[in-house]
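I have placed the structure first, in the form of structure tokens, so that the comments after it can refer back to it.
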Amino acid sequence: MTDTSDRGERTLIERYDAASIEPAWQARWTDLGLYRTDLDDQSRPTYYLLTMYDYPSGNLHIGHWYVKTPTDAIGRYHRMRGENVFMPVGFDAFGLPAENAAIKNRVHPREWTMQNIDHMRRQLRTMGAAFDWDAEVVTCDPSYYRWNQWLFLQLLNAGLAYRAKAPVDWCPNDGTLAREQVEGADRRCWRCGAKVEKRDLDQWWLRITKYADELLDFSGIQWPDPIRIMQTNWIGRSEGGEIVFTTAASAHHTGGEDLRVFTTRPDTLFGATFMVLAPEHPVVASLTAPERRAEVEAYVAHARSATEIERLSTEREKTGVALGAEAINPISGERIPIYVADYVLGGYGTGAIMAVPAHDERDFAFATQFDLPIRRVVAEPGTEDAALDEAFVSHAPTDRLVNSGPYSGLPADEGGRAIVAALAEQGAGNAAVTYRIRDWLISRQRYWGTPIPIIHCDQCGPVPVPENELPVLLPDVVDYQGSGENPLARDEAFLRVTCPSCDGPARRETDTMDTFIDSSWYWFRYLSPEKAGGPIDRALVDRWTPVDQYTGGAEHAVMHLLYSRFFTKAMRDIGLVHEDEPFRRLFNQGQILGADGERMSKSRGNVQDPDELIARYGADTIRLFLMFMGPWDQGGPWSASGIGGVYRFLNRVWAIAIDPTGTDRGDQEAGRLPAGQDIGVAEAAIRTAAHRTLRDVTIDYEGFRFNTMVARLMELSNALYRYRGTPAAGGRAWDEGVRLLLLMLAPAAPHITEELWSRRLATAGTGWSSIHLEPWPQVDAGAVIEETREVPVQVNGKIRDKVVVPADVSDADLELAVLAAPKVMAALSGRTPDRVIVAGGCRLVNLVVRG
RNA sequence: GCCGGAGUGGCGGAAUCGGCAGACGCGACGGUCUCAAACACCGUUGAGGGCAACCUCAUCCGGGUUCAAGUCCCGGCUCCGGCACCA
């Protein structure tokens with residue numbers, strides 16, 4: 001900190017020097033424990049502000065600053081509003097990159113991760129953010145992941161975890177691959193280039209589908225519409241019916257087997273002209289006619305290697321193969337051919353559909369491709385015989401069934417219900433709901449994750465590790481180099497155990513957990529990161545959660561944010577917490593891309609390191625610049641052009657606060673009040689500017705509109721700067737203006753404002769206290785009232801003139817003033833307006849004249 | 001492909017309960033200061049036309065609704081995020 005005692009002896013203005021101010025204040029704040037939250041303080045309302053924790057990739061880049069510094073401003077603003085703010089940080093420390101780095105550089109994942117965390121901690125401190133470092137969580141620490149294991153066991157007890165097979169992408173050399181590790185259209189391993197295959201493995205799942213309906217209810221939270229829509233679509237609830245078709249007897253098959261299909265349109269049952277099974281459907285093999293076997297098997301094998309995105313593409317030509325078997329329509333008795341096609345997914349609905357090409361776009365495309373009949377069964381009145389050149393999918397209340405036997409003529413909706421009822425009576429169908437969302441597969445065939453606390457015994461099957469034996473520690477020395485096998489399976493000491501239930505020889509589960517588990521409850525742990533007797537401190541959790549405000553990238557819109565909601569509900573049902581939702585309010589900020597418009601990544605070499613910017617401008621300038629760039633939810637490519645303007649702004653603030661009487665070389669008007677103003681007018685203008693800014697900036701902070709917040713502070717500083725060196729500078733209005741400017745700027749630029757604030761206090765001879773503990777100022781309503789206003793006047797929608805009228809003018813008086821305005825009279829050229837439209841609140845007048 | 005978002009001066013962006021398009025900043029141009037340059041400061045700056053007062057055009061493209069459209073509706077294009085093992 002700068003010693004202020006010798007200021008009077010200086011002849012030149014002391015320059016703004018961020019490099020000397022910022023580290024000093026950061027150190028002092030830490031010494032004072034200014035941002036250590038007293039979680040037990042009952043005197044103020046709590047405000048839990050959470051920003052998504054980081055993966056410790058090694059270096060903080062400008063994207064981290066973009067995420068964190070506006071969040072910090074929110075926290076500081078709320079603190080000034082009198083709330084007890086809790087803003088923790090931590091590290092999402094398990095995951096693939098550590099293991100990839102380990103394989104590549106022969107560093108242990110733990111070492112790599114912990115070094116990165118150390119480095120990032122130091123870098124995080126340079127932001128000057130008000131993080132409470134006492135609350136840090138590091139997920140790869142056994143004190144954290146043991147509770148992942150504990151929670152898993154509770155979920156297992158509650159019937160929310162189970163074991164089932166799932167296909168994974170498999171490389172013969174490197175084992176399971178993540179999606180991003182499978183490259184190219186021919187699907188090769190990124191590391192060794194081998195052809196990637198699918199392999200079915202027994203894996204652990206969490207029953208998120210049980211909560212599907214509850215997850216569709218957002219009534220308890222204030223989240224942005226787009227996120228709610230995406231989650232709703234992701235869950236994908238569909239109402240309809242299940243209909244049981246029967247296989248027909250044929251030369252190679254006895255028939256009589258049930259084939260259940262799910263449909264959202266039971267009303268179109270009479271229009272089913274063929275049936276499609278997913279390649280994964282269990283009866284595909286047994287239904288296939290011998291002469292079709294080779295073709296069907298080849299098709300199924302090929303379909304399994306395609307991604308879901310490819311399979312569901314409506315652009316791609318439909319493919320499929322006839323099985324050489326038929327199914328019987330339960331209501332019409334009609335026999336229709338059965339196909340296998342990859343546009344039907346094994347995991348959705350029943351994995352089988354009745355295809356109604358007349359009323360489904362995908363079925364229509366398939367039928368056209370394979371020359372199958374298309375039979376209209378729903379029509380708008382009068383269009384019953386109209387040809388179909390595309391699927392007729394809309395259903396209006398006036399639509400009626402046609403070609404539907406006894407149901408023909410019924411309104412489509414009613415007919416659909418009647419058909420379901422008839423089917424139910426004969427045991428061939430029922431109303432049903434299905435979801436797009438699948439259960440959450442949490443098994444990973446990796447080393448660097450939370451070991452799943454299960455022991456496999458030949459006698460007893462999978463047995464949970466007893467709670468008192470937790471944590472199952474991740475062994476330190478393990479051969480995690482890729483070799484196809486699970487890394488933990490190669491550690492004999494880890495692997496070989498006795499069964500907790502029968503004491504016989506057994507082996508540990510060698511899969512680890514998805515890292516989304518870590519992030520599905522970490523905000524609870526922040527409240528008591530050291531607690532040994534359980535995952536959470538119930539009293540603190542009850543007082544502090546749900547999190548008041550969560551901020552993070554929109555790339556997490558669905559998965560992380562949905563898993564967190566699911567976990568909270570599951571923990572509630574287990575009796576661990578009371579609430580239904582994790583995050584009351586959510587804000588998804590945008591993403592900073594590299595200068596090339598691509599996502600910042602080391603491999604692309606487009607990462608912007610903030611360190612050189614800090615050295616040149618200081619943290620406050622960067623913080624402010626990131627907020628000023630544009631709307632926070634937008635992000636965009638990084639460009640430092642413009643940062644100089646923000647730096648100039650801070651220099652002006654510095655000059656205004658430290659030297660009100662100074663003037664600038666080169667300014668011929670320096671020291672003079674603006675034309676036509678005396679001191680009274682000038683001071684009133686300053687007061688109005690300051691309080692209007694306060695009014696607007698407050699709204700901007702509340703709405704996270706940081707770009708306009710900074711713009712408004714720039715306007716205020718420009719307004720004050722105009723009076724610098726004039727008789728109005730240093731007066732009461734000026735002093736209040738400076739005070740408000742600093743207070744409003746404090747959440748966004750904490751260092752320079754703290755420095756200038758401490759100098760003000762020193763000058764005033766008051767004892768020091770931090771600006772960040774000041775209350776948010778009050779708007780003086782009297783100072784913001786305007787006496788007159790300028791109203792634009794249009795003639796036939798084009799601006800022709802402006803009139804200045806009293807602010808409380810009546811519509812009638814306004815109209816008189818408008819008609820007397822010279823340019824309006826010229827534009828009317830003697831004509832009388834046919835209509836006079838006064839926009840609401842006298843914002844604008846439009847005169848409409850014909851001819 | 002499907003779901004979600006965005007497209008406004010040379011650039012980042014402002015203005016969305018339908019009411020002055022371009023706040024604020026960058027850049028550019030002119031000037032002041034300086035021996036000079038840099039810094040700083042003052043001014044101009046959407047495009048086109050006109051001596052001027054002013055006029056015309058302009059918010060991705062094409063239609064539409066309206067006294068009035070960046071904003072609402074219909075159709076398209078481009079870019080960004082997600083699509084279940086990156087986090």
Side-chain angles (χ1 to χ4, degrees), chain A residues 52 54-55 57 92 94-97 100 168-169 176-182 224-227 229-230 232-234 236 307-316 437-446 514-516 518-519 553-560 562-563 588 590-591 593 597-599 601 625 628-631 633-637 639-646 648-649 651 655 663-670 707-708 710-715 718 721 790-794 796-799 802 823 826 833-841 843-849:
Chain A
M52 289 179 188
D54 295 304
Y55 184 77
S57 54
D92 185 16
F94 274 137
L96 264 188
N100 292 334
V168 297
D169 285 320
T176 307
L177 297 182
R179 196 172 54 91
E180 58 165 13
Q181 299 178 328
V182 179
D225 282 340
I227 305 293
I229 293 166
M230 275 190 273
T232 300
N233 292 341
W234 181 268
T307 66
E308 208 163 291
I309 293 174
E310 290 162 358
R311 287 175 60 169
L312 290 177
S313 170
T314 52
E315 190 107 309
R316 194 179 69 144
I437 192 173
R438 301 195 285 264
D439 276 336
W440 176 9
L441 172 63
I442 62 158
S443 292
R444 299 290 182 270
Q445 292 77 50
R446 309 286 177 192
D514 181 1
T515 55
F516 277 126
D518 304 330
S519 53
E555 66 271 25
H556 293 294
V558 175
M559 301 182 69
H560 161 56
L562 201 56
Y563 292 150
N588 284 120
Q591 216 172 11
L593 306 172
E598 302 280 337
R599 202 163 149 170
S601 75
F625 176 59
F628 184 57
M629 271 175 53
D633 58 1
Q634 228 165 275
S639 163
S641 80
I643 195 169
V646 173
R648 265 194 286 283
F649 161 61
N651 275 283
T663 54
D664 287 295
R665 293 166 287 122
D667 181 1
Q668 288 132 324
E669 296 297 313
N707 56 331
T708 50
V710 175
R712 283 173 175 138
L713 292 178
M714 285 173 165
E715 284 173 312
N718 290 343
Y721 203 82
E790 193 184 53
V791 179
V793 187
Q794 297 179 332
N796 284 340
K798 291 193 170 166
I799 300 287
K802 289 166 188 181
K823 287 176 192 163
D834 297 293
R835 283 179 70 186
V836 177
I837 294 152
V838 179
R843 284 195 304 271
L844 171 144
V845 178
N846 189 12
L847 306 175
V848 184
V849 55

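Quantities reported herein were computed from a predicted structural model and do not represent experimental measurements. First the proteins, then the strands, lettered A, B, ... as listed; each starts at 1.
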Expected string for nucleotides 2-8 of chain B under the B/S/- scheme (protein heavy atoms, under 4.0 Å, primed atoms plus P, OP1, OP2 as sugar-phosphate) is SSSS---
Please report the distance, rounded to the nearest Å, between CD1 in Ile837(A) and P in A69(B). 12 Å
Of Asn707(A) and Ile437(A), the one whose closest nucleotide on RNA chain B sits nearer the 5' end is Asn707(A)
Under-4.0 Å side-chain N/O to phosphate OP1/OP2 contact, Lys823(A) with C54(B): yes
Over all strands shown, is Arg316(A) touching base, sugar-phosphate only, or nothing at heavy-atom distances under 4.0 angstrom? nothing
What's the closest nucleotide to the Arg438(A) side chain, out of C85(B), A84(B), C24(B)? A84(B)
My understanding is that a pair needs two contacts under 3.5 Å, Watson-Crick or G-U wobble. By that rule, which nucleotide pairs with U56(B)? A47(B)
For the side chain of Asp169(A) and the backbone of Ala178(A), is there at least one donor-acceptor N/O pair under 3.5 Å apart? no
Let's test this: given Watson-Crick or G-U wobble pairing with both distances under 3.5 Å, identify the partner of U16(B). none
With a 4.5 Å heavy-atom cut-off, do Met714(A) and Phe628(A) have their side chains touching? yes
Working to the nearest 0.5 Å, report the span between CG of Asp518(A) and NE2 of His560(A). 11.0 Å
In whole Å, what separates the P atom of U16(B) from that of U32(B)? 41 Å
Could you tell me which non-hydrogen atom of Ser639(A) sits nearest to which non-hydrogen atom of Phe625(A), and how far apart they are? O-CZ, 3.4 Å
If we take the C1' atom in both G46(B) and G70(B), what is their distance in whole Å? 15 Å
Strand partner of C79(B), provided both Watson-Crick or wobble distances fall under 3.5 Å: G5(B)
Nucleotide G12(B), atom C1' - distance to CE of Met714(A) in whole Å: 12 Å
Using atom P in both nucleotides, what's the gap between A68(B) and U56(B) to the nearest angstrom? 16 Å
I'd like the P distance from C79(B) over to G25(B), given in whole Å. 34 Å
Output the rounded distance in Å from CD (Gln181(A)) to P (A84(B)). 14 Å
Could you tell me the separation between the CZ atom of Phe649(A) and the P atom of C26(B), rounded to a whole number of Å? 12 Å
With a 3.5 Å cut-off and heavy atoms only, can you find an N or O donor on one side and an acceptor on the other between the side chain of Arg712(A) and the base of C24(B)? no
Would you mind telling me which of Thr515(A), Asp514(A), Thr176(A) makes a side-chain hydrogen bond (donor to acceptor under 3.5 Å, both in side chains) with Arg444(A)? Asp514(A)
What is the pairing partner of C72(B), taking Watson-Crick or G-U wobble pairs with both distances under 3.5 Å in any strand? G64(B)
At less than 4.0 Å, is any side-chain N or O atom of Arg835(A) found next to OP1 or OP2 of C67(B)? Yes or no. yes
Sequence neighbours excluded, which residues qualify as side chain to side chain contact (heavy atoms under 4.5 Å, CB included) partners of Pro631(A)? Asp633(A), Gln634(A), Asn707(A)
Who is the Watson-Crick or G-U wobble partner of A36(B), with both distances under 3.5 Å? none
Given the C1' atoms of A23(B) and G9(B), what is the spacing between them in whole Å? 14 Å
Within the 4.0 Å heavy-atom criterion, would you say His560(A) contacts the bases, only the backbone, or no part of the nucleic acid? nothing
Please report, rounded to the nearest Å, how far the C1' atom of A69(B) is from the CG atom of Asn846(A). 13 Å
pair Arg179(A)-Thr307(A): side-chain heavy atoms closer than 4.5 Å: no
Let me know the distance between CD of Glu555(A) and P of C80(B), rounded to the nearest Å. 15 Å
Which pair of non-hydrogen atoms, one from Pro792(A) and one from Ile799(A), has the smallest distance, and what is that distance? CB-CD1, 3.8 Å
Please name the pair of heavy atoms, one in Ala557(A) and one in Ile227(A), separated by the smallest distance, quoted to 0.1 Å. CB-CD1, 3.5 Å
I need the minimum non-hydrogen distance between Val845(A) and Val838(A), along with the two atoms involved. CG2-CG2, 4.3 Å
Would you mind calling G50(B) syn or anti? Take O4'-C1'-N9-C4 for purines or O4'-C1'-N1-C2 for pyrimidines, and syn is within 90° of 0. anti
Please report the distance separating the P of A28(B) from the corresponding atom of G10(B), rounded so that it comes out in whole Å. 16 Å
Nearest to the side chain of Ile309(A) - A14(B), C83(B), C20(B)? C83(B)
Expressed as a whole number of Å, how far does the C1' atom of A58(B) sit from that of A69(B)? 14 Å
Can you tell me whether the side chain of Gln445(A) and the base of C85(B) have a donor-acceptor pair closer than 3.5 Å? yes
Please name the nucleotide paired to G30(B) by Watson-Crick or G-U wobble geometry with both distances under 3.5 Å, or report none. C42(B)
Look at all strands and tell whether Ser443(A) reaches a base, only sugar-phosphate, or nothing, counting heavy atoms closer than 4.0 Å. base
Interatomic distance, CG@Asn100(A) vs CZ@Arg446(A), rounded to 0.5 Å, equals 7.5 Å
Is there a side-chain polar atom (N or O) of Arg179(A) under 4.0 Å from OP1 or OP2 of C83(B)? yes
Can you name the closest pair of heavy atoms from Tyr55(A) and Phe94(A) and give their distance? CE1-O, 3.4 Å
Does Lys798(A) reach a base, just sugar-phosphate, or nothing at all? Heavy atoms under 4.0 Å. sugar-phosphate
What nucleotide, of C86(B), C20(B), A84(B), holds the atom closest to the side chain of Leu844(A)? C20(B)
Taking the C1' atom in each of C61(B) and C54(B), what is the distance between them to the nearest angstrom? 32 Å
Paired with G22(B): which nucleotide, if any, by Watson-Crick or G-U wobble criteria at under 3.5 Å for both distances? none
Mind checking whether His556(A) and Phe516(A) have parallel, tilted or perpendicular rings, split at 30° and 60°? perpendicular
So what does Val845(A) hit on the nucleic acid, given a heavy-atom distance under 4.0 Å: a base, only sugar-phosphate, or nothing? nothing
Nearest-nucleotide comparison on RNA chain B, the residue closer to the 5′ end among Gly95(A) and Asn718(A): Asn718(A)
Atom-pair distance (CZ on Arg444(A); P on C86(B)), nearest Å: 8 Å
Short N/O separations, protein against nucleotides 43-52 of chain B, under 3.5 angstrom:
none

Would you kindly give the CG-to-C1' distance between Leu593(A) and G82(B), to the nearest whole Å? 15 Å
Could you tell me whether the phosphate oxygens of C20(B), OP1 or OP2, come under 4.0 Å of any side-chain nitrogen or oxygen in Arg843(A)? no
